[in-house]
Structures are given as C-alpha cells and as structure tokens.
K.L.:
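Here you go, one structure.
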Amino acid sequence: MIKLNLDGCDAFVAEKEYGPWIDRALNAYDTLAGGTGKGSEMLGWKTLPTATPETLIKECEQVKALWAGKGVNLVITIGIGGSYLGARCAIEALSHSFLPKKDAPKVVFAGNNLSEEYLAELLDIAKLSNVAVIVISKSGTTTEPAVAFRILKEFLEAEYGKKEAADRIVAITDAKKGALKTLSGQEGYRTFVVPDDVGGRFSVLTPVGLLPIAVAGYDIRALLKGAASMQKTLSAKSADNIAVRYAAMRNALNSTTGRNIEILVSYNPKFQYFGEWWKQLYGESEGKDGKGIYPASVNYTTDLHSMGQFIQDGTRAMFETVIGIEESRRTVTIGNDPQNLDQLNYIAGKRVEHCNAMALLGTKLAHIDGGVPQIGLSIDHICEESLGELFYFFEFACGISAYVLGVNPFDQPGVEAYKKNMFALLKKPGYEKESEEILKRL
Ligand code: PA5
C-alpha cells in the first residue's frame, strides 16, 4: 500500500499554514466525490477499478490469445497523449530492462509524434516481424495517430491481405462517432470503447491501457485489484486521507512558498515513463487559466549527474515528490576485491539497492538543506497491483488538487491552439481563412 511522508516539507510549511490547505482539500474532496464541480460529466474513471466487468477483461485476453495463435511477435500500439502514456508506463515498469518477455509479443508505440524517421524505422522492424496493431483514439480524428495508422494499415494489407489485416487490427475509440469508429465498422475491425465519461489522461484503466498491457503479457486483474484497493482507501473523507494530504501540501508549497514546479522523482529507470504519464495527468489537468504547478520528472541517481546541480543550487522554484520503492525483487550484492583499487570494499557484502536507498536518503537531506521541499511516497515493490494503486491515487489526488487550485481538471482547451495553426499550414479543407492569416505572419 502507498505510504505518504510529508516530513520533508516541515521546514517549509508550518503546521498552522498547512491546516487551511487541508480544509480547502477537504472541500475539493466533496466537490470531486459529489460530482458537483466543473467537468463533473467526466468522472467515469472514479469507479473503473470496481466497475470493470469480467467480460471486458476476457475480451482483452481473447485478443492476446488470437494473436498468439497467429504467432504475432510485434504489436504496434498507435495513440498519443492519454491514448498511450498509461500503457507505455505500465509496460516499461513491468518489463525486464533487457530481455523480451517469454510467450508475449514485443509491444512498441507509434502515432505519438510526426517524425518520418521514426515511422520509417518502425516499418524496418515491422518487415522483419509478425505484426498486429492496436489503434487508439477517443476522438478518432487526432492527426498523429491517424497518419501512423494510415501507413501501418497499408503495410498490413500489403503484407497479409485485407481480410487477414482486419484480424490483426483492433481499434479503441468512441462508442458512436469519429473517423476511426466509421472506418472500423467498414473494415470489420474488432473494437473496444473508450467510455464517454473518461478523458484520455484518466483512461489507463479502460481498454486504452488494459488491452496493450494484457497483450504485453501482464496481469490486468492485478492492476485493477490494486486500483480497487486504492479506490476503497480514498473513499474515506478525512484529514488523514493520503490524496487529500498530498493535494493540500502541493498547493500549500505552491501558494505559500512560491514553489510552482513539482519534480516527480524515482530511483529506478523502469519508472521513467511513469513520470511521463504523471506529467500529462497533472499538466493537462491543472495548467490552465494562467494557473498550475509545472510538472517535471527526473530519474535518480542518473539525473543527479545532470540536473542535480540545478536542483541543489539553482533557482528555488521547485519541490520534489519522490516515489520510493521499498524492495527490489532482484538481488545483486557487491563483492569483496582483495586489491580494492576502486576503493569499494567499504560496501562489500552490501546489496546495490542498499546503496540506492542511501542515495535517496542522502539526496533528501541535501535537497532539503538546499531549499527543496520533499514529499515522499513509497510502494512495496514494482508489480501490477502497486501500479494500479499509484494510477488511482494520482488521478484522485489530481482531481482534488485541481479543484483546490480552482480549475476544471477534466478539459484541455489549450491543446487546440497548435492544431489550428498546423491544419492551416497543411491547408486542411475548412481552414482556408486561417491559412491566409497565418501565411501573412511567416
Ligand atoms: O488526455 C487527453 O485528453 C489527451 O491527451 C488525449 O488523450 C490525446 O490528445 C489523444 O486524443 P485522442 O484519443 O482523441 O486521439
């Protein structure tokens, strides 16, 4: 179970300053729990852990089995933003750092950028593999995944024929509308639905996350079980509720100490994409109306040798939220070397994870001394259940925190601005006026 430790904030936010933020977070809790706030039509994610039917889990497993029967060894998951980050984060956290998983295909991601080289190189590996595709777009009209899908659909049809290609494509999209929904109906693709009341960045526990994670060979029942236990934990409104305390402290740090950058820190490279998922969740949910805490992420001890200097000693604008992992599930012990030329015999017999834990503690003290407040979170070990807990915890806390900040956590109006300009520059039909205006500016 996730533990929260706020002692690293004691030197920055006094108890009497923190109290009013707890009150505000408890009010925001009521808004979120009661569905009375802005964007409350998008609260479907709150009950996903306990409301996901067994039939949906079985359908995900059927796709895995169908493709295993065809010998598929490469699954390309197409999607951008909330339509890929959750799956990518879970798969990277659960995977071996170097070896492929036995009895499961390699899952790679596309449609999250417009790089031609990336797609060309993806086709290089696709040509050497037995391929299937999961295409995910709630709106069904997002440019990046649409471009990647057009190219990969053409590849699959050329490689396997139109009928077999249709068996190797699964679409996850809106129940009723959008280009992807129409195309899937016409081509006979198997489809899964992104519920209307769940936004992209809150969708990891819908088929958007569940299907790629299941196909990659991981246990989505355990993921949902972990999320369900966190749903239960957070259902009690109280000043001890860890989502209330986390949301209250990050807002207190922002408002009373001017720390408006939050850095999510992990000490395990497998958590790099967890940072990416978390940044989107908090960035798109809170960064609006001229407000928000800017979400950043680092991976220690790696980034102590790149960003450590700035964090210790640069502009005092940030606080850290550290995800500690209490047990490593693998053991590597540092040996004794009679020559001791590297002078490491003082840690001979110790596990590498012990050194990592001491780095965490030492960094915590150094950063606090340097003026960086620290929120501590910890999980027992990396597994499906603990990831489920973390997903649900951060989503729920995000809803509370955004309401404390006074913004709608569930919209993203700012994402449209670049699209309008890009469509005008690409001369998309319907954008003639914008095209004329933008060309004058260049
Ligand atoms: O969180 C969000 O809403 C966004 O990041 C979307 O997930 C992203 O823009 C992709 O949208 P869509 O699934 O409609 O293609």
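Below, all heavy atoms of this structure are taken into account, side chains as well, without hydrogens, waters or symmetry copies.
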K.L.:
Looking at Arg329, I'd like to know if its CZ atom is crowded, meaning that more than 12 non-hydrogen atoms belonging to other residues, nucleotides or ligands lie closer than 6.0 Å.
P.N.:
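Yes, enclosed.
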K.L.:
Start with the C-alpha distance between Leu74 and Asn130, add both sets of side-chain angles, then the distance that settles side-chain contact (heavy atoms from CB on, under 4.5 Å), and finish with yes or no.
P.N.:
CA-CA 6 Å; Leu74 181 73; Asn130 187 340; over 6 Å; no
K.L.:
Atom OH of residue position Tyr418 - does it have more than 12 heavy atoms of other residues, nucleotides or ligands inside 6.0 Å?
P.N.:
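Yes, OH of Tyr418 has more than 12 neighbouring heavy atoms, counting only those of other groups under 6.0 Å.
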K.L.:
Return yes if some donor-acceptor pair links the side-chain N/O of Thr321 with the main-chain N/O of Leu264 below 3.5 Å, else return no.
P.N.:
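Not a single qualifying donor-acceptor pair exists.
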K.L.:
Does Asp289 use its side chain to pair, donor to acceptor, with the backbone of Lys291 at less than 3.5 Å?
P.N.:
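It does not hold such a pair.
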K.L.:
Who pairs with Lys102 by salt bridge (charged side-chain N to carboxylate O under 4.0 Å, His left out), at least two apart in sequence or on another chain?
P.N.:
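Partners of Lys102 under the salt bridge (charged side-chain N to carboxylate O under 4.0 Å, His left out) test: none.
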K.L.:
Just do the side-chain contact (heavy atoms from CB on, under 4.5 Å) check on Phe391 and Met230 with the steps written out, would you?
P.N.:
CA-CA 9 Å; Phe391 284 143; Met230 187 48 60; over 6 Å; no
K.L.:
Can you confirm if the aromatic rings of Tyr282 and Tyr294 lie within a centre distance of less than 6.0 Å?
P.N.:
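No.
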K.L.:
Is Arg221 salt-bridged to Glu54, going by a charged N under 4.0 Å from an acidic O?
P.N.:
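The answer is yes: the pair qualifies as a salt bridge.
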K.L.:
Say you draw a straight line from CH2 of Trp21 to CG of Leu253; how long is it, rounded to the nearest 0.5 Å?
P.N.:
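Spacing of CH2 (Trp21) from CG (Leu253) equals 10.5 Å.
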K.L.:
What do you reckon, is NZ of Lys232 surrounded by more than 12 foreign heavy atoms closer than 6.0 Å?
P.N.:
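At most 12 heavy atoms, drawn from other residues, nucleotides or ligands, come within 6.0 Å of this atom.
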K.L.:
Sequence neighbours left out, what passes side-chain hydrogen bond (donor to acceptor under 3.5 Å, both in side chains) with Asp167? Give chain and number order.
P.N.:
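Asp167 satisfies side-chain hydrogen bond (donor to acceptor under 3.5 Å, both in side chains) with Lys70 only.
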K.L.:
Are the side chain of Asp303 and the backbone of Ser306 linked by a donor-acceptor contact shorter than 3.5 Å?
P.N.:
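Here the side-chain-to-backbone pair does not exist.
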K.L.:
Using modelled atom types only, decide if a donor and an acceptor are shared between the side chain of Lys138 and the backbone of Gly82 within a distance under 3.5 Å.
P.N.:
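A pair under 3.5 Å: no.
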K.L.:
Counting the benzene-type ring for Trp, do Trp277 and Phe274 have ring centres under 6.0 Å apart?
P.N.:
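Ring-ring flag for Trp277/Phe274: true, centres closer than 6.0 Å.
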K.L.:
Tell me yes or no: between the side chains of Ser139 and Thr142, is some donor less than 3.5 Å from an acceptor?
P.N.:
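Result is yes, a qualifying pair exists.
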K.L.:
Could you walk me through whether Asp7 and Lys364 pass side-chain contact (heavy atoms from CB on, under 4.5 Å), step by step?
P.N.:
CA-CA 11 Å; Asp7 69 7; Lys364 174 177 175 177; 2.8 Å; yes
K.L.:
Where do Asn340 and Gln343 land on the side chain to side chain donor-acceptor pair (under 3.5 Å) test, with the steps shown first?
P.N.:
CA-CA 5 Å; Asn340 197 25; Gln343 297 176 10; over 6 Å; no
K.L.:
Nearest 0.5 Å, please: how far is CG in Leu48 from CZ in Phe202?
P.N.:
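It comes to 11.5 Å.
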K.L.:
Hey, does the side chain of Glu144 reach the backbone of Asn112 with a donor-acceptor pair shorter than 3.5 angstrom?
P.N.:
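Between the backbone of Asn112 and the side chain of Glu144 there is no qualifying donor-acceptor contact (under 3.5 Å).
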K.L.:
Which pair of heavy atoms, one from Val407 and one from Ser285, lies closest together, and at what distance?
P.N.:
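So the two residues come closest at CG2-O, 3.7 Å.
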K.L.:
Looking at Thr31 and Asn27, would you say the former's side chain and the latter's main chain have a donor-acceptor pair under 3.5 Å?
P.N.:
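Such a contact is found between Thr31 side chain and Asn27 backbone.
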K.L.:
Applying the side chain to side chain contact (heavy atoms under 4.5 Å, CB included) criterion to Leu211, which one of Val75, Thr77, Val170 satisfies it?
P.N.:
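The option that passes is Val170.
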K.L.:
Report the residues that fulfil salt bridge (charged side-chain N to carboxylate O under 4.0 Å, His left out) with Glu15, sequence neighbours left out, ordered by chain and then residue number.
P.N.:
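Once residues adjacent in sequence are excluded, Glu15 has no partner under the salt bridge (charged side-chain N to carboxylate O under 4.0 Å, His left out) criterion.
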K.L.:
Test: salt bridge (charged side-chain N to carboxylate O under 4.0 Å, His left out). Region: residues 389-403. Which pairs qualify, not counting sequence neighbours?
P.N.:
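Residue pairs with at least one partner in residues 389-403: there are none.
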K.L.:
Among residues at least two apart in sequence or on other chains, which ones pass side chain to side chain contact (heavy atoms under 4.5 Å, CB included) with Ile334?
P.N.:
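Ile334 satisfies side chain to side chain contact (heavy atoms under 4.5 Å, CB included) with Ile347, Val352, Cys355 only.
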K.L.:
Just by modelled atom types, is the Gly314 backbone N or O under 3.5 Å from a matching donor or acceptor in the Arg316 side chain?
P.N.:
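Indeed, once roles are kept as given, a pair shorter than 3.5 Å links the two residues.
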K.L.:
Assess whether a salt bridge exists between Lys46 and Asp197, defined as any Lys/Arg side-chain N lying under 4.0 Å from an Asp/Glu carboxylate O.
P.N.:
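No.
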K.L.:
Just so I know, are the side chains of Tyr300 and Val322 near enough to count as touching, which here means a heavy-atom distance under 4.5 Å?
P.N.:
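With C-beta onward as the side chain, the pair stays apart.
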K.L.:
When you look at Val244 and Ile400, which way does the side-chain contact (heavy atoms from CB on, under 4.5 Å) test go after all the steps?
P.N.:
CA-CA 7 Å; Val244 168; Ile400 298 176; 4.1 Å; yes
K.L.:
For the atom pair OG (Ser97) and CG (Asn268), what is the distance rounded to the nearest 0.5 Å?
P.N.:
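If I round to the nearest 0.5 Å, the distance is 7.0 Å.
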K.L.:
With side-chain hydrogen bond (donor to acceptor under 3.5 Å, both in side chains) as the rule and sequence neighbours excluded, what pairs involving residues 236-260 come up?
P.N.:
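For residues 236-260: Asp30-Lys237, Tyr246-Glu262, Arg250-Glu262, Arg250-Glu286, Arg250-Ser401, Asn251-Ser401.
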K.L.:
Using a 6.0 Å cut-off, check whether atom NZ of Lys106 has over 12 heavy atoms from anything other than its own residue.
P.N.:
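No, NZ of Lys106 has 12 or fewer neighbouring heavy atoms, counting only those of other groups under 6.0 Å.
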K.L.:
Do Lys38 and Asp411 meet the salt-bridge criterion of a basic N to acidic O distance under 4.0 Å?
P.N.:
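So Asp411 does not pair with Lys38 through a salt bridge.
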K.L.:
Between Tyr189 and Arg168, is there a donor-acceptor pair closer than 3.5 Å when you use the side chain of the first and the backbone of the second?
P.N.:
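No; judged by distance alone, with no hydrogens or angles, the pair does not exist.
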K.L.:
Measure centre to centre between the rings of Phe396 and Tyr29, then say whether the value is under 6.0 Å.
P.N.:
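Under 6.0 Å, so yes.
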K.L.:
Would you compute the distance between atom OH of Tyr403 and atom OG of Ser40 and round it to the nearest 0.5 angstrom?
P.N.:
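If we round to the nearest 0.5 Å, Tyr403:OH and Ser40:OG are 6.0 Å apart.
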K.L.:
What's the spacing between Tyr273 OH and Glu92 CD if we round to 0.5 Å?
P.N.:
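Reported value, rounded in 0.5 Å steps: 6.5 Å.
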K.L.:
Can you sort out the partners of Glu276 under salt bridge (charged side-chain N to carboxylate O under 4.0 Å, His left out), two or more places apart, ordered by chain and number?
P.N.:
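Glu276 satisfies salt bridge (charged side-chain N to carboxylate O under 4.0 Å, His left out) with Lys279 once adjacent residues are dropped.
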K.L.:
Enter the distance from Ser83:OG to Ile80:CD1 here, rounded to the nearest 0.5 Å.
P.N.:
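Here the interatomic distance stands at 9.0 Å.
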K.L.:
Using only atom types and a distance under 3.5 Å, with no angle test, would you say the side chain of Ser328 pairs donor to acceptor with the backbone of Arg330?
P.N.:
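A pair under 3.5 Å: yes.
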K.L.:
Restricting to pairs with a member in residues 368-378, which pass side-chain hydrogen bond (donor to acceptor under 3.5 Å, both in side chains), not counting sequence neighbours?
P.N.:
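Those involving residues 368-378 are Glu320-Gln374, Glu326-Ser378.
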K.L.:
Strictly distance-based, threshold 3.5 Å: is any side-chain N or O of Ser115 a donor or acceptor partner for the main-chain N or O of Tyr118?
P.N.:
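Confirmed, Ser115 side chain pairs with Tyr118 backbone.
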K.L.:
What residues, two or more places apart in sequence or in another chain, satisfy side chain to side chain contact (heavy atoms under 4.5 Å, CB included) together with Ala171?
P.N.:
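Residues passing side chain to side chain contact (heavy atoms under 4.5 Å, CB included) with Ala171: Val135, Leu180, Ser184, Thr191.
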K.L.:
Less than 4.5 Å apart, any side-chain heavy atom of Leu85 and any of Val204?
P.N.:
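Sidechains of Val204 and Leu85: no contact.
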K.L.:
Measure the acute angle between the ring planes of Trp45 and Tyr392, then classify it against the limits of 30° and 60° as parallel, tilted or perpendicular.
P.N.:
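Trp45 vs Tyr392 ring planes: tilted.
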K.L.:
With Glu385, which residues qualify under salt bridge (charged side-chain N to carboxylate O under 4.0 Å, His left out), at least two apart?
P.N.:
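Salt bridge (charged side-chain N to carboxylate O under 4.0 Å, His left out) check on Glu385 returns Lys225.
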K.L.:
Should the heavy atoms of other residues, nucleotides or ligands under 6.0 Å from CD of Glu116 be counted, would the total exceed 12?
P.N.:
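Counting other residues, nucleotides and ligands, CD of Glu116 stays at 12 neighbours or fewer.
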K.L.:
With sequence neighbours excluded, what pairs up with Gln272 under the side chain to side chain contact (heavy atoms under 4.5 Å, CB included) test?
P.N.:
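Side chain to side chain contact (heavy atoms under 4.5 Å, CB included) check on Gln272 returns Asn299.
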K.L.:
Identify, with sequence neighbours excluded, every residue that meets side chain to side chain contact (heavy atoms under 4.5 Å, CB included) alongside Thr331.
P.N.:
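By the side chain to side chain contact (heavy atoms under 4.5 Å, CB included) rule, Thr331 matches Thr333, Arg351.
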